[in-house]
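All values below were derived from every heavy atom in this structure, side-chain atoms included, with hydrogens, water molecules and symmetry-related copies excluded.
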Amino acid sequence: SRGDLSEAEWRLLKDLLPAERGRKSRPAQDNRKIVNGILWRIRTGAPWRDVPEKYGKWMTVYQRFRRWSEAGVWEAVASTLAGAMADNKHHSVDSTTFGAMSRQPAQKGDREQAFGRSRGGFTCKVHCLSDAKGIPLAFHLTPGEAADCAAFEDIYALAEVKPGHLLADKGYDANAIRDKLKADGVRATIPSKSNRIKPIRWNKAIYRERNRIERMIGHLKVNRAVATRYDKLAKSFLDALHIAAIRNVCEPQLCKQGL
C-alpha cells in the first residue's frame with residue numbers, strides 16, 4: 001500500500017536488519033511487514049495502538065521498534081547507508097525546533113529527555129549534519145532553547161569523515177568553532193555576525209549549497225511523528241529521525257547506484 005517499502009528499497013535494507021528468531025508456538029513475524037508497520041506509524045504520527053492489522057499486532061510492531069532502538073539498529077542502518085552514499089566534499093550543519101506533545105505540568109527529567117520550555121510550550125531542537133548531497137549523516141537532540149553553537153561539538157564529533165568545507169549559518173560564527181575546524185584542516189564556510197569587528201571572508205559560491213540541508217529537514221518533516229514530537233523518550237524520537245532518514249536515503253533514484 002502507499003508508503004510501504006518498494007522491492008528496490010527492501011533489497012537495499014533487508015541484509016542490514018537483524019534476523020528475528022521466533023519460537024515453535026509463536027513464529028517470528030516477517031521483517032518487511034513489521035518495518036512497513038513502523039514506517040506507517042512514523043509517517044502518520046498515529047498512536048502505536050492504531051497501526052493497521054495488516055502489519056501484524058500493534059504490540060509486535062512497537063516491541064520490534066523498541067528492541068531494535070535499544071540495540072542501536074536504526075542508527076547503525078542509517079549510518080551504513082549514509083556512509084555508502086555520502087559525498088564528503090563538504091558537510092552542512094543546521095538545527096530546527098520541533099514542537100513536543102503537550103505535557104503538563106513539567107516533570108523531573110524533562111531536560112535529560114531533550115524537552116525545553118518556551119512561550120510556545122514544550123520544544124525539542126534537532127541538530128543535523130548532512131553531506132554535500134543533502135544526505136543526513138547524524139542527529140543530536142537538545143532542549144528547544146539551546147543555542148546552536150553550544151551543540152556544535154556534539155554534532156560535529158558524529159562525522160565519521162572530516163569534510164573539505166563545513167557550511168553553517170551565522171548562529172555558528174564563534175571563534176571556538178572556527179579554531180576547531182582550522183585545527184582539523186576543515187575550511188569554515190560561515191558568514192560573520194553583524195557584531196563581529198573584523199568580518200571574516202567566506203566562499204559565497206559554496207555557501208549556496210547549504211540549501212540542501214534545509215531541504216533535507218523539510219523532507220524529514222513530511223513524517224508527522226517527526227514534525228511533532230510525540231515520543232517521551234529522547235532515544236525513541238531520535239530513532240524516529242533515523243527511520244525517516246533511512247526512508248529518505250532509500251528513494252528509487254538512490255537505489256539506482258546499485259548499493
Side-chain angles (χ1 to χ4, degrees), residues 16 42 68-98 111-116 124-144 146-169 171-174 176-190 206 209-210 212-221 223 226 229 231 233-250 254 259:
L16 300 177
I42 300 298
W68 285 0
S69 178
E70 292 298 327
V73 171
W74 302 118
E75 182 176 6
V77 172
S79 178
T80 299
L81 290 174
M85 299 178 180
D87 179 352
N88 295 303
K89 178 173 58 178
H90 63 255
H91 288 174
S92 296
V93 174
D94 203 359
S95 70
T96 184
T97 301
F98 294 84
R111 296 194 67 80
E112 287 76 7
Q113 297 302 329
F115 282 108
C124 173
K125 182 173 283 190
V126 178
H127 304 266
C128 309
L129 177 72
S130 75
D131 76 335
K133 296 185 290 188
I135 293 175
L137 300 177
F139 302 103
H140 176 67
L141 303 184
T142 62
D148 291 348
C149 58
F152 173 79
E153 287 200 18
D154 292 316
I155 187 65
Y156 177 70
L158 297 176
E160 296 182 358
V161 178
K162 301 304 180 186
H165 293 257
L166 188 126
L167 286 55
D169 61 24
Y172 297 90
D173 179 26
I177 291 176
R178 293 181 181 276
D179 291 344
K180 172 65 175 175
L181 294 175
K182 184 177 180 179
D184 289 345
V186 179
R187 295 184 180 180
T189 306
I190 305 173
I206 294 178
E209 296 296 314
R210 204 181 71 84
R212 294 181 182 274
I213 191 170
E214 295 174 342
R215 287 154 52 195
M216 178 270 287
I217 292 171
H219 287 310
L220 296 179
K221 287 187 175 182
N223 300 278
V226 170
R229 177 177 170 178
D231 296 294
L233 299 179
K235 177 64 174 172
S236 293
F237 183 59
L238 191 60
D239 280 323
L241 286 163
H242 286 139
I243 293 169
I246 290 168
R247 189 58 190 273
N248 192 41
V249 170
C250 284
L254 294 177
L259 298 172

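Across Val226 and Ala244, no two heavy atoms sit closer than the pair CG2-CB, 4.1 Å. Nearest heavy-atom pair across Ala245 and Pro136 is CB-CG, 3.5 Å. The shortest heavy-atom contact between Leu137 and Ala86 is CD2-CB, 4.0 Å. Across every non-hydrogen atom of Ile213 and Ser92, the tightest pair is CD1-O, 3.3 Å. What you find for Arg229 and Cys124 is that their closest heavy atoms are NH1-SG, 3.5 Å. Contact record, His140 with Ala151: CD2-CB, 4.1 Å, taken as the closest heavy-atom pair.
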Please list every donor-acceptor pair under 3.5 Å in which a side-chain atom of residues 179-187 meets a protein atom from a residue at least two apart or in another chain.
residue	atom	partner	partner atom	Å
Asp184	OD2	Tyr156	OH	2.8

Please table the atom pairs, donor to acceptor, closer than 3.5 Å between any side-chain atom in residues 68-79 and protein atoms at least two apart or in another chain.
residue	atom	partner	partner atom	Å
Trp68	NE1	Glu20	OE2	3.1
Ser69	OG	Asp239	OD2	2.4
Glu70	OE2	Arg66	NH2	2.6
Trp74	NE1	Phe65	O	3.3
Ser79	OG	Glu160	OE2	2.9

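Distance check: Ile206 CD1 to His165 NE2 gives 3.5 Å after rounding to the nearest 0.5 Å. One distance of note links CG of Asn248 with CD1 of Ile243; it measures 13.5 Å at 0.5 Å rounding. If you take CD1 on Ile177 and CG on Leu166, they are separated by 9.0 Å, rounding to the nearest 0.5 Å. In this structure, OG on Ser130 lies 10.0 Å from CD on Glu214, to the nearest 0.5 angstrom.
Contacts of His91 classified as ring pair (Phe, Tyr, Trp, His ring centres under 6.0 Å), with partners at least two apart in sequence or in another chain: none. Asp173 meets the salt bridge (charged side-chain N to carboxylate O under 4.0 Å, His left out) test with Arg178, Arg196; sequence neighbours excluded. Take Tyr172 and apply the side-chain hydrogen bond (donor to acceptor under 3.5 Å, both in side chains) test, not counting sequence neighbours, and it matches no residue. By the side chain to side chain contact (heavy atoms under 4.5 Å, CB included) test, Ala150 is found to be paired with Ala147, residues two or more places apart in sequence or in another chain being considered. Among residues two or more places apart in sequence or in another chain, the side-chain hydrogen bond (donor to acceptor under 3.5 Å, both in side chains) test is passed with Thr97 by none. Applying the salt bridge (charged side-chain N to carboxylate O under 4.0 Å, His left out) rule to Asp154 yields no partners; only residues at least two apart in sequence or on another chain are considered. Judged as a side-chain hydrogen bond (donor to acceptor under 3.5 Å, both in side chains), and not counting sequence neighbours, Asp169 has no contacts. Listed by chain and number, the residues in a side-chain hydrogen bond (donor to acceptor under 3.5 Å, both in side chains) with Arg212 are Glu209 (sequence neighbours excluded). Remark: Phe237 pairs with Phe98 by the ring pair (Phe, Tyr, Trp, His ring centres under 6.0 Å) rule, at least two apart or across chains.
Using a 4.5 Å heavy-atom threshold, the side chains of His127 and Asp148 count as touching. Taking 4.5 Å as the limit, every side-chain heavy atom of Asn223 sits out of range of all side-chain heavy atoms of Arg247. Side chains of Leu141 and Leu241 form a contact here, defined as non-hydrogen atoms less than 4.5 Å apart.
With Gln113 contributing its side chain and Ala234 its backbone, the two residues share a donor-acceptor pair below 3.5 Å.
Every pair passing salt bridge (charged side-chain N to carboxylate O under 4.0 Å, His left out) that includes a residue from residues 79-95 is listed here, sequence neighbours excluded: Asp94-Arg210.
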